[in-house]
Number of protein chains: 2
Amino acid sequence: MDFSSFVTSLGTSFVIFLVLMILFAWVSARPGNAVVYYPNRILRGLDPWEGGSTTRNPFAWIREAASSTERDVITMSGVDTAVYFVFLSTALGILVLCGLILLPLLLPISATDHGLKFHSNSTTSNGTFSDLDKLSIGNIMDKSSRLWAFLIGVYFVSFVTYYLLWKAYNHASDLRANALMSPEVKPEQFAVLVRDIPPVPEGQTRKEQVDTYFKTIYPDTFYRSMLVTDNKEVNKIWGELENYKKKLARAEVVYALSKEKTGDRPTNRTGWLGLIGKKVDSIEYYNEKISELTKKLESEQKVTLREKQQSAALIFFTSRVSAAYASQSLHAQMVDKWTVIEAPEPRQLIWSNLKIKYFARETRQYIVYVIVGLTILFYMIPIAAISAFTTLKNLKKLLPFLKSVLSIKALTTVLEAYLPQLALIIFLALLPKLLLFLSKVEGIPSQSHIVRAASGKYFYFTVLNVFIGVTVGGTLFASLKTIENDPKKVVDLLATSLPGNATFFLTFVALKFFVGYGLELSRIVPLVIFHLKRKYLCKTEDEIKAAWAPGDLGFATRVPGDMLIFTIVLCYSVIAPLILPFGALYFCLGWLILRNQALKVYVPSFESYGKMWPHLFIRVLAAMILYQVTMFGYFGVKKFYYAPILIPLPIITLIYGFICHKKFYRAFHVTALEVVSRELKETPNMEQIFRSFIPPSLISEKLNDDDNFEDALSQVSRQGSFV
Amino acid sequence: MDFSSFVTSLGTSFVIFLVLMILFAWVSARPGNAVVYYPNRILRGLDPWEGGSTTRNPFAWIREAASSTERDVITMSGVDTAVYFVFLSTALGILVLCGLILLPLLLPISATDHGLKFHSNSTTSNGTFSDLDKLSIGNIMDKSSRLWAFLIGVYFVSFVTYYLLWKAYNHASDLRANALMSPEVKPEQFAVLVRDIPPVPEGQTRKEQVDTYFKTIYPDTFYRSMLVTDNKEVNKIWGELENYKKKLARAEVVYALSKEKTGDRPTNRTGWLGLIGKKVDSIEYYNEKISELTKKLESEQKVTLREKQQSAALIFFTSRVSAAYASQSLHAQMVDKWTVIEAPEPRQLIWSNLKIKYFARETRQYIVYVIVGLTILFYMIPIAAISAFTTLKNLKKLLPFLKSVLSIKALTTVLEAYLPQLALIIFLALLPKLLLFLSKVEGIPSQSHIVRAASGKYFYFTVLNVFIGVTVGGTLFASLKTIENDPKKVVDLLATSLPGNATFFLTFVALKFFVGYGLELSRIVPLVIFHLKRKYLCKTEDEIKAAWAPGDLGFATRVPGDMLIFTIVLCYSVIAPLILPFGALYFCLGWLILRNQALKVYVPSFESYGKMWPHLFIRVLAAMILYQVTMFGYFGVKKFYYAPILIPLPIITLIYGFICHKKFYRAFHVTALEVVSRELKETPNMEQIFRSFIPPSLISEKLNDDDNFEDALSQVSRQGSFV
């Protein structure tokens, strides 16, 4: 890519960004769009425009985002989001600090050498180096002592990263501790999740078994237990019931509207999708269905609570310290019995996974790892298969009627160029869903854990396939033979390919932040969808509310995306330091725009108290090691005799990671007792805590009738143990 | 080694064994020797000869050992010894079961082939094969389909081991659980050990800091804390004091004896070793010293308790469940602060190690690992150095006056043969001490843990150096060049060297059990030492008691010794099945004789509730993997095309080990709550539990005066928290 096309690409991206910004400033100020641009504030019952909408400055959001505190973020979007911002600001800090030192130091050193001219004379390439390439390490002569500056640069970048990462880990740890020690009563802090309960002994019910077991161990603080049941059937009935309730509400609105005009009662057909079958009066029909299903639900609830008890349970304690130490202790002599872990929030508990047994979970996990590993390694194969199928020749053969269409020259060219990419895009779009599904299959009990697991898988996928794939690209296949003979060559190959791709990745990063964050902020797609839905589909208030539901930040894909950028920028930080300001701009814009989105748009769907941080940390270290090994290879390729000076770096990174893991990790895995031993604001209402864990499909209409819960959910002696 | 020399060696060993047995039967029946042969019973206040000494059958001990139950072993020698017997009987079971199937199956198959004859014609060796070698796999022709039987044998041995090991792990786990749930009050079950206490905050004492911290977290069950102090100085004074007390007692006995004769008061000199200096009256002098040191001790005790407080403490709880979950939970947000672990028994607590900080411990551990690794790899170097120095030529050069002596031909030969071995023996004798020292340096807080750590190091040392060293021996050095080019060759080399050494190891095993266990049972050395000491050195009762103090079973060297035999027998089980009965005999005799020693002789010096088992288990698996890999190599050397059928075996072993580790290990690492939630026989006397942890050097003469302990040992509110 030459200089002019680089500028063109950069300019285009910037123009798109500007257009999107202006669009945002314009549409976000219209009150009708508030639900698209301020849903988080609206759902929390806050005024969308805090300062008053009349004198609204279109760029006020920047000031608001920049001046918002960490406390605001935690209040509006939870600790997980705050931890994510710790990552963003750490990445920004690393890149800014490195840029400030490396740019004025390395650019002049590169620009004043003649490596490229020298090389272009001697090699077969026809010298397409540009001004940009002259600013990279590629312009340094082989064996030049100028390489010392770059070598020191590698050390500098590493130590800056260590330092800021250490501070960030401390900060994240504090965030988690503060959230856990909060005086607010949080139901999940009073409960633990027990799995792998052994078979019920003769003459006892499951309930008695569980209650006796925990009452013996925690005579003072055990409150009550809730048996986990198989809710598949009851969930299905409840889902149908809710659906009919919605339909009824809709029919009533339609009827109310038609009263003014024709007065026709709405009708529908009872068959498939409402298209075939007998025509009935909707309101009557739905009312009938609802009362029928309500009865069915009630009887199914009873059956579920009585007969579908699983080998798992939630145990409630009257103190959060008790729940914390219970979740960390071994209860049974055999580890695969009475496994106790912290209870996740009620909303993110995956009930269907709870019954999976200890060794089944372990086995599933390793099988999933193998599948993901194979997917990462061989993801080219399905794409190649799709591409092969979708080449024009094959299409012509398989679908002869397309022949005449495909004879048009222009169309053919376009199709030929885009079909494989289309296949790739579809596959990449499906990947997060696949990874989330695979993570769920592992038997993980909480949604946040699934998201973390999927995000990890996706990170390794993108780094290996996008970054290394693009860099090494075609060269790899051509030289596969060489690699087989000597695996050390992989690093060399990567190192040689790096400088050539510097401009490509510069453009990539710029595209990502201009267009990606432009779309993110302007929310064009959700806006259009919302207006279309509201106009043509939605009738009731609930339907409209569902149409603007903003969703959460989507860490499963967002984090690996940022990580990919960080990895790329890190790896190029010394080779082509010009990438540093671009990377810094990415994280700066990202911080600003996501701050806005976190405060005003997205509604978190779970809270894991920052458990995501160690995963982010490990991935930054993985990127570091990739960077350090690549640089070692690169200096080797440059025939720099002192390249081995870089060998200690990956080892230092490993030791650094090990120390951090030892020092900080356990507090992220479990809850430290000193943290939860802080006093609460009020005496916890245990009944309310207990009820918050009952899934909606099991909540009876007659809430006060405790008989329904006696079987699976009741307590041993409410009078005695309730303190 | 040919057949006749094998029989000679076996015969000699057997004769030695018989002589030792007869000696034992004779001397152990004499009442004066009871303290050597029944010290454990005597120390527990039991009658040495339970059935009455008059009608004593010299072989009664066999009946007694064989009929003793596991309960007897636990009562007399603790759970650790019982777990050791689980290992011995499992090894015995494996070898007997394998022998019963493999011997009648494989011996005829070997004996009827002609591999050795064939080989001896074609190779340069002059055909020194014997009848013994004909019974090994060496006599099978290359590529013969008879090898199938041996291959199936490898699988059979492996699966027998898996099965019996699984049962043994279950059994060991039960033993531990039963011991931990015992209704007896054991002080260590009510305490936890806290290390890495952060610096004392302004305006608080260390004691207040610790008490407040734990009282907040465990308001109901916290009893009291005991600060760990630097006892170096006080221990020294106390040791001197005790020494003078002993000397005084001795002087008084001497005086009492001399009264009858001369009436001289005993005297001694005050200088170095009592050989120089002023001559004084012993009784007066010692009394003076004692009263002087008692005062010094008291003031030093005060100073220690007040000013030498360390960043560690023992915390006492009023319930053992509390202590159990406290020891398993993370207390501080940073893992390197307030580290809590189970308290070991008071007698095995290593006070001087408690103050070592978290990361210092980690670092020390890895440094020790590196040192041990290097020792294992390069232990030949110091020996070679000693040998080189001690060769005759060098001796002559360095010590010219020896020249005339060394000219004698016969002497030269003997010296030349034995000097290097002597060096090896001295080095090997020093090794366990070195390993125990290194393990202590790691910062481990309990004696039992140090023994386990040293035992592990010693195992890998013996297996790598004795077994592999002897087997591969000189060949390795000769072919070091080949190995450098292709590391796979190591296995091949080991495989080729194995059959040739079968007879050597057969003799080795036989020697070990005949002579080793003969000496063990007859206790000739302790007997002689005891009688010599009693006659020439001991004056007081205490001195005599010290002279027959039996010590403990010495797991640090005993376990690796047994493991080495097990590894050898396992590795030869299919190659030369004749080793199986020898191995079985080793473990059978071992079981019998050690049962006798455990019940009657050795006094355990600690109780770790079977924590040794997982270490034994891991080492059996290590032996298994060595066996399986070697066999794979051996079948390759035999050019057997189906050798790859053995590849799954090491993988199965790893998975098996992983599953066992997951299922059982944590219950050995910590205490399961359900186990300690059993009821106690009596309400624990917390004051007594607390006092049992005070080191003897800190126990004040005025035991009722609590003021001495107020500083470091007192409680916050004894009235309030004592339930």
Side-chain angles (χ1 to χ4, degrees), chain A residues 169-170 173-178 180-181 198 212-221 319 321-322 324-340 358-359 361-363 366 655 658-679, chain B residues 169-170 173-178 180-181 198 212-221 319 321-322 324-340 358-359 361-363 366 655 658-679:
Chain A
Y169 216 142
N170 260 311
S173 187
D174 285 348
L175 282 179
R176 178 173 162 85
N178 284 326
L180 288 174
M181 70 172 69
T212 318
Y213 190 84
F214 284 95
K215 201 140 184 61
T216 313
I217 298 177
Y218 307 99
D220 302 324
T221 52
S319 108
V321 180
S322 285
Y325 54 65
S327 71
Q328 298 178 45
S329 300
L330 177 72
H331 281 70
Q333 182 73 9
M334 293 297 154
V335 181
D336 58 349
K337 296 271 173 291
W338 296 102
T339 328
V340 178
Y358 186 82
F359 279 108
R361 298 200 296 269
E362 292 281 322
T363 317
Y366 287 101
I655 294 172
F658 184 74
I659 291 172
C660 286
H661 188 85
K662 277 271 176 185
K663 186 175 169 76
F664 300 110
Y665 180 68
R666 216 180 140 200
F668 281 86
H669 184 60
V670 297
T671 304
L673 296 188
E674 67 170 22
V675 164
V676 282
S677 67
R678 300 298 173 94
E679 262 182 45
Chain B
Y169 216 142
N170 261 309
S173 186
D174 285 349
L175 282 179
R176 177 169 163 86
N178 283 327
L180 289 174
M181 69 172 69
T212 318
Y213 190 84
F214 283 94
K215 202 141 182 60
T216 314
I217 298 177
Y218 307 99
D220 302 323
T221 52
S319 110
V321 180
S322 284
Y325 55 63
S327 71
Q328 298 176 46
S329 298
L330 176 74
H331 280 72
Q333 182 73 9
M334 292 299 155
V335 181
D336 59 351
K337 295 272 174 295
W338 297 100
T339 327
V340 178
Y358 186 82
F359 279 108
R361 297 199 298 267
E362 292 280 323
T363 317
Y366 287 102
I655 295 173
F658 185 72
I659 291 173
C660 286
H661 188 83
K662 277 267 174 186
K663 187 177 169 74
F664 300 110
Y665 179 68
R666 219 183 136 197
F668 280 87
H669 184 60
V670 297
T671 303
L673 297 189
E674 66 170 22
V675 164
V676 282
S677 67
R678 300 295 173 95
E679 264 182 42

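Lettering of chains follows the sequences in order, A, B, ..., and the numbering in each one begins at 1.
The nearest pair of heavy atoms linking A:Glu674 to B:Gln333 is OE2-N, 3.5 Å. Across A:Lys662 and B:Val335, no two heavy atoms sit closer than the pair O-CB, 3.2 Å.
For B:Ser319, no part sits under 4.5 Å from any heavy atom of chain A, backbone or side chain. Both the backbone and the side chain of B:Ile659 come within less than 4.5 Å of a heavy atom of chain A. Neither the backbone nor the side chain of A:Phe214 comes within less than 4.5 Å of any heavy atom in chain B. Neither the backbone nor the side chain of B:Tyr169 has a heavy atom closer than 4.5 Å to any heavy atom of chain A.
Using a 4.5 Å heavy-atom threshold, the side chains of B:Phe359 and A:Lys663 count as touching. For the pair A:Asn170/B:Met334, a side-chain contact is recorded, criterion being any heavy-atom separation below 4.5 Å from C-beta on.
Residues passing the side-chain hydrogen bond (donor to acceptor under 3.5 Å, both in side chains) test with A:Arg361, sequence neighbours excluded: A:Asp196. Listed by chain and number, the residues in a ring-ring contact (aromatic ring centres under 6.0 Å, His included) with A:Tyr358 amount to none (sequence neighbours excluded).
Taking CH2 of B:Trp338 as the start and CG of A:Leu673 as the end, the distance is 12.5 Å to the nearest 0.5 Å.
When the candidates B:Ile217, B:Val321, B:Asp174 are compared by the number of heavy-atom contacts under 4.5 Å with chain A, B:Ile217 comes out ahead. For the set A:Ser329, A:Ala667, A:Ser677, A:Ser173, the count of heavy-atom pairs under 4.5 angstrom toward chain B peaks at A:Ser329.
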